[in-house]
Amino acid sequence: QMNDEMFYDFCQAQLEVRQDENYEGWAHITDEQAVQAILDMNGLEGKMSVDGIVERDASGRIVSLKIEDSRLTRLPREIARLAKLKNLSLKKNRIRNLPREIGDMVSLQVLDISENSSSALPKEIGYLRSLKSLNASHNNLGAVPKEIGKLAKLENLLIALADGSLKHEDVFGDHGHGALIYDLEPFSLTGDDFGVAVTGPRRNLMRPSSLRPYFAVPFGDMMISGCF
């Protein structure tokens with residue numbers, strides 16, 4: 001058994017371990033290295049250059065990536081380091097699965113994975129809050145992940161809660177349990193250090209949110225977090 005102090009120390013130690021594991025070779029990967037990782041994984045090193053398949057913005061960040069009809073079979077998780085990428089076209093390849101880290105690409109607006117060999121899309125695609133166009137035609141897909149569109153709906157509910165316009169029927173209609181407001185005065189989600197505090201087993205849904213989420217529990221998805 002652990003008392004509160006021991007539990008806190010345990011949580012901090014686990015968090016530091018995770019940070020150390022992710023520090024080298026992941027957190028500091030550049031745009032060019034992320035694209036090169038795709039080419040290397042698929043045996044395309046030396047066959048095409050990074051500059052020949054990307055477009056950049058004024059600051060030099062990669063905003064568009066096109067690797068089409070090149071026999072790609074898989075993507076490394078490093079692709080998520082393309083934080084400014086808006087357009088990703090991977091059509092006419094042999095990709096079977098997309099990495100779940102694709103859900104971290106919060107700037108992505110257009111995703112074309114048509115004419116591949118995918119049998120399923122990762123649920124994390126539903127976390128792409130900026131996505132406007134998804135072309136997954138001519139694959140072997142079954143059902144579309146139910147997470148697609150959920151983040152935008154959740155954000156709209158939170159905004160309505162904050163400005164006082166949310167009604168119980170709005171929440172019940174989406175299979176929720178209701179909404180509770182202690183102060184009738186509208187409050188802003190844009191001030192202070194964060195917009196909303198998030199706990200619970202499905203909290204990852206809010207990670208790419210534009211409402212600046214704060215994850216109140218430092219380690220673990222615990223519903224009961226106490227004071228923070």
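Position 1 is the first residue of the sequence; numbering continues from there.
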Rounded to the nearest 0.5 Å, how far apart are [atom1] of [X] and [atom2] of [Y]?
X      : Y      : atom1 : atom2 : answer
Ile29  : Gln36  : CD1   : CD    : 12.0 Å
His138 : Ile113 : NE2   : CD1   : 13.5 Å
Arg71  : Lys47  : CZ    : NZ    : 8.5 Å
Leu98  : Ile125 : CG    : CD1   : 5.5 Å
Leu90  : Ser118 : CG    : OG    : 9.5 Å
Asn87  : Leu65  : CG    : CG    : 8.5 Å

N/O donor-acceptor pair under 3.5 Å between [X] side chain and [Y] backbone:
X      : Y     : answer
Asp57  : Ile62 : no
Asp40  : Ile38 : no
Asp112 : Lys91 : no
Thr73  : Ile95 : no
Asn93  : Ile67 : yes

What are the two closest non-hydrogen atoms of [X] and [Y], and how far apart are they?
X      : Y      : answer
Arg61  : Asp31  : NE-OD2, 2.9 Å
Met105 : Ala80  : CG-CA, 3.9 Å
Val106 : Ser130 : O-OG, 2.7 Å
Asn140 : Ser117 : ND2-O, 4.1 Å
Glu78  : Ala37  : CB-CB, 4.3 Å
Pro99  : Ile79  : CG-CG2, 4.1 Å

- Task: With sequence neighbours excluded, tell me which residues meet salt bridge (Lys or Arg N to Asp or Glu O under 4.0 Å) with Asp163.
- Result: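 Asp163: no salt bridge (Lys or Arg N to Asp or Glu O under 4.0 Å) contacts found.
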- State which residues pass salt bridge (Lys or Arg N to Asp or Glu O under 4.0 Å) with Glu45; sequence neighbours excluded, sorted by chain then number. none
- Task: May I have the step-by-step check of side chain to side chain contact (heavy atoms under 4.5 Å, CB included) for Leu72 and Leu44, ending in yes or no?
- Result: CA-CA 9 Å; Leu72 294 186; Leu44 295 174; 3.5 Å; yes
Is [Y] reachable from [X] through a run of hydrophobic residues whose side-chain heavy atoms are each under 4.5 Å from the next?
X      : Y      : result
Val110 : Ile102 : no
Leu141 : Leu111 : yes
Leu131 : Val63  : no
Leu161 : Val171 : yes

- Item | ring-ring contact (aromatic ring centres under 6.0 Å, His included): pairs with one or both residues in residues 150-173, sequence neighbours excluded | His168-Phe172
- Message: Within the supplied structure, the quantity of interest is the number of heavy atoms (other residues, nucleotides, ligands) at a distance under 6.0 Å from Arg56 CZ; does it exceed 12?
- Response: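 Yes - once you tally the heavy atoms of other residues, nucleotides and ligands closer than 6.0 Å, there are more than 12.
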- Kindly indicate, with the supporting measurements, whether the criterion side chain to side chain contact (heavy atoms under 4.5 Å, CB included) is fulfilled by Leu157 and Leu166. CA-CA 7 Å; Leu157 289 172; Leu166 185 65; 3.7 Å; yes
- Message: Checking Ser89 against Glu68: is there a side-chain donor and acceptor pair closer than 3.5 Å?
- Response: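 Judged by distance alone, the side chains do pair up.
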- Task: Determine whether the side chains of Asn135 and Ser137 contain a donor N or O and an acceptor N or O closer than 3.5 Å.
- Result: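 Per modelled atom types, Asn135 and Ser137 side chains form a pair under 3.5 Å.
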- Task: Could you please spell out the steps behind the side chain to side chain contact (heavy atoms under 4.5 Å, CB included) verdict for Leu75 and Asn97?
- Result: CA-CA 8 Å; Leu75 297 174; Asn97 299 294; over 6 Å; no
- Arg74 versus Met41: any side-chain heavy-atom pair under 4.5 Å?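 A side-chain contact exists here, since the closest heavy-atom pair is under 4.5 Å.
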- side chain to side chain contact (heavy atoms under 4.5 Å, CB included) between Ser70 and Met48, worked out: CA-CA 10 Å; Ser70 300; Met48 61 177 63; 3.6 Å; yes
